[in-house]
Amino acid sequence: MSPEDRLSLYIDALNQGRRPPSCDGDEEWELLLETVRRVRRLAPPAMPEPDFPQRLAVALSRKLGGRRAGARWGLRKISAFLGTAAAVLVLCFGSYGYGRWSVEGRWPWWPPFAAEVAQGRAGVEQEASQGPCPSAPAAGMDDRARASEQCKEAPLVAADRANAGPATDREEPAAPVPEGPSVAGAPAGRGGGGIVGGGPASGNGPPAAPAGAASEKTQGYLTASRAGEEEAHRPSEVPETGGAAARAPAPLARGTPATGNGIALLFGGREYRAVELLDAGALPAARFELLGEGRARGLPDGERVPVYRRPDSVPTEVYTPLDEFWVRWAPAEPPARGSPNREPR
Amino acid sequence: MEKELVTRARQGDRAALEELCRATWEPLYRFLYYLVQNRYEAEELTQETYLRALPMLDALRAQDGAGFVGYLKQVARNLVRDRWRQRSRNDACLPDVDLACLGSADVGEDPAAMAEAREEEERVRTALASLAPDYRRVITLRLLDGWSVRQTAHAMGRSEGAVRVLQYRALVALRKVLCPEKPSKGEGDLP
């Protein structure tokens, strides 16, 4: 199109009050259009239709309302996103510190596990109604903070651990978990009586894959070992019976020695005592060497457990898997002088 | 009163918005029309100015006595400037007229600005008067009277194509008179 025709179209658009055609051009062209406008300024302005103010108000009302709605919708979207993100974070990390289901990487609200989770929660509530935490916190603290601060290193709750999945689900050593019946005489159900405050108050821990053998076995171990501790401290109150069945159940202390807990491991012609319960997640798998199979005393007869050792640990000590934990065993008697297994000083 | 109207309009009060528009649209429209010389663009820019200005009530409070109309003109001026810059990507294409002065002059708030606007008007009239009669006539018919090419051609006894060429050359000549420092393509094409 020639510049004459373009300019004519532009002037026609101005005269008719239409949107002028796209008039991109060089500086010279723009100056020409500005000259047109300057001349037209000599004439009185062409006023809009009489209903222009009303049309303007309607259009403004619609557009301003749309912008406000858009802003509200944007805020709503941001709020929803932040709320969802916060909820996910709380669910993911809120109970991680308690060594619960996050170790397993399983979701307790997933329908297949929900029933087990509910069962575990019921067990914890039952325990909570039976007695306070041994290391009772100051009044005024809420349950969660209490559990977090006072009971982090306190004895583990059997029912808490009863919700743990099998050891094979872990990334950590895929050590076999001893199979067998429940502990004889151990309280039925998860976390049988007298075990309180060792873990978090909530019961949303990981569900056990089969809600049976391994977890109950763990519970048996723990209750028996805790009972042994109590005996050691209060020998006059609790008579030595030599078995877990008649004792007041209590968990084995995590990370603390548990002497006299009544559980023994027979391996290699030697008797070992449970010393410590360790989180499997804290122990790298590659550092374990399978030594053979031992037999745990104080558990159902015929309970056989794989026995491991750690090259970087005390040579005389051995380890056995127990659900999501490792039990550290030490010889019941110090090895004789000159023995190759004697613990170095 | 204006502030109250603006506040109510911002809160979605349709009646307040209508009242505000009725009270302020005309000076704003005239100002914009003066700048763009096109009714469609002036209407469009009027609406866009309100849309940009209303949500910024805090800026209105910062105005010292200029009032809501003054504030609207300031926003409108920026809108027009943005539009021209988008078109040309070159500040040299902006009109030589001082937009700020024109904005105030249009509502007669600043006598100095009004005087400047009158000077500008006089400059253009003088430049028009200095053109050849055919040039002056075609510009008058097409730009000031708003005639179509056909009407102009009929009135001048020329073909429509001849009128288009004539008006182009006339405007190039006028631009040369108004801005003598700017060379033009149509220079020397005078009939």
Side-chain angles (χ1 to χ4, degrees), chain A residues 1-69 71, chain B residues 9-10 12 14 17-18 20-22 25-26 29-30 33-44 46-47 50-51 54-55 84 87-88 90 92-97 120-121 124-125 128 139 142-149 161 163-165 167-168 171-172 174-175 178-179 182 184-185:
Chain A
M1 189 184 290
S2 67
E4 289 85 359
D5 288 342
R6 284 176 68 196
L7 183 65
S8 188
L9 285 175
Y10 180 78
I11 293 170
D12 285 339
L14 292 183
N15 287 341
Q16 294 163 13
R18 287 186 286 109
R19 184 185 186 84
S22 174
C23 52
D24 293 339
D26 57 5
E27 184 182 346
E28 175 63 25
W29 177 252
E30 289 295 332
L31 285 171
L32 203 56
L33 298 188
E34 176 55 23
T35 303
V36 171
R37 288 191 290 265
R38 286 176 76 176
V39 174
R40 281 178 59 86
R41 280 175 197 140
L42 299 176
M47 300 305 282
E49 302 291 328
D51 64 339
F52 175 70
Q54 285 78 27
R55 284 192 290 116
L56 180 64
V58 169
L60 288 178
S61 175
R62 192 167 50 236
K63 291 202 172 185
L64 285 173
R67 285 186 184 180
R68 274 196 297 270
Chain B
R10 283 184 65 200
R14 175 85 166 270
L17 191 60
E18 213 164 301
L20 188 71
C21 289
R22 217 175 0 250
W25 77 270
E26 193 169 342
Y29 174 85
R30 283 178 180 275
Y33 188 90
Y34 185 88
L35 294 181
V36 300
Q37 288 299 313
N38 177 261
R39 205 184 90 183
Y40 175 90
E41 271 193 301
E43 289 182 5
E44 189 186 55
T46 301
Q47 177 177 312
Y50 278 111
L51 284 175
L54 282 175
W84 279 340
R87 278 182 190 169
S88 66
N90 192 340
C93 295
L94 286 171
D96 299 332
V97 189
E120 159 70 11
E121 191 180 316
V124 175
R125 287 190 189 281
L128 262 178
I139 287 176
R142 288 283 284 145
L143 296 182
L144 295 179
D145 295 343
W147 285 19
S148 67
V149 174
V163 167
R164 289 193 184 97
V165 171
Q167 79 182 1
Y168 179 81
L171 283 167
V172 168
L174 182 63
R175 190 212 62 74
L178 288 171
C179 311
K182 304 277 183 185
S184 76
K185 272 194 299 189

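Proteins get letters first, then strands, A, B, ... in listed order; numbering begins at 1 in each.
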Derivation of the salt bridge (charged side-chain N to carboxylate O under 4.0 Å, His left out) call for Arg175(B) and Glu30(A): CA-CA 11 Å; Arg175(B) 190 212 62 74; Glu30(A) 289 295 332; over 6 Å; no
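In this structure, the side chains of Glu18(B) and Ser61(A) stay at 4.5 Å or more apart for every pair of heavy atoms. Considering only heavy atoms from C-beta on, Gln167(B) stays 4.5 Å or farther from Glu4(A) through its side chain. Counting heavy atoms from C-beta outward, Arg38(A) and Glu120(B) have side chains that approach closer than 4.5 Å. No side-chain heavy atom of Ser2(A) sits less than 4.5 Å from a side-chain heavy atom of Tyr168(B).
Applying the salt bridge (charged side-chain N to carboxylate O under 4.0 Å, His left out) rule to Asp5(A) yields the partners Arg164(B); only residues at least two apart in sequence or on another chain are considered.
Annotation for Gln37(B) and Leu14(A): closest pair O-CD2, 3.1 Å, computed over non-hydrogen atoms. Nearest heavy atom pair, residue Ala57(A) against residue Leu17(B), reads O-CD2, 3.5 Å. What you find for Ala46(A) and Tyr33(B) is that their closest heavy atoms are N-CZ, 3.3 Å. Smallest separation of non-hydrogen atoms from Tyr40(B) and Arg18(A): CB-C, 3.4 Å. Across all non-hydrogen atoms, the minimal contact from Thr35(A) to Leu171(B) is CG2-O, 4.1 Å.
The backbone N or O of Asn38(B) sits nowhere less than 3.5 Å from a side-chain atom of Arg40(A) that would complete a donor-acceptor pair. With hydrogens and angles disregarded, no donor-acceptor distance shorter than 3.5 Å links the side chain of Arg39(B) to the backbone of Gln16(A).
In this structure, the separation between CD on Glu26(B) and CZ on Phe52(A) is 10.5 Å, given to the nearest 0.5 Å. Remark: Tyr50(B) OH to Leu56(A) CG distance equals 6.0 Å, nearest 0.5 Å. Atom CG of Leu144(B) and atom CG of Asn15(A) lie 9.5 Å apart (nearest 0.5 Å). In this structure, the separation between CG on Leu60(A) and SG on Cys21(B) is 4.5 Å, given to the nearest 0.5 Å.
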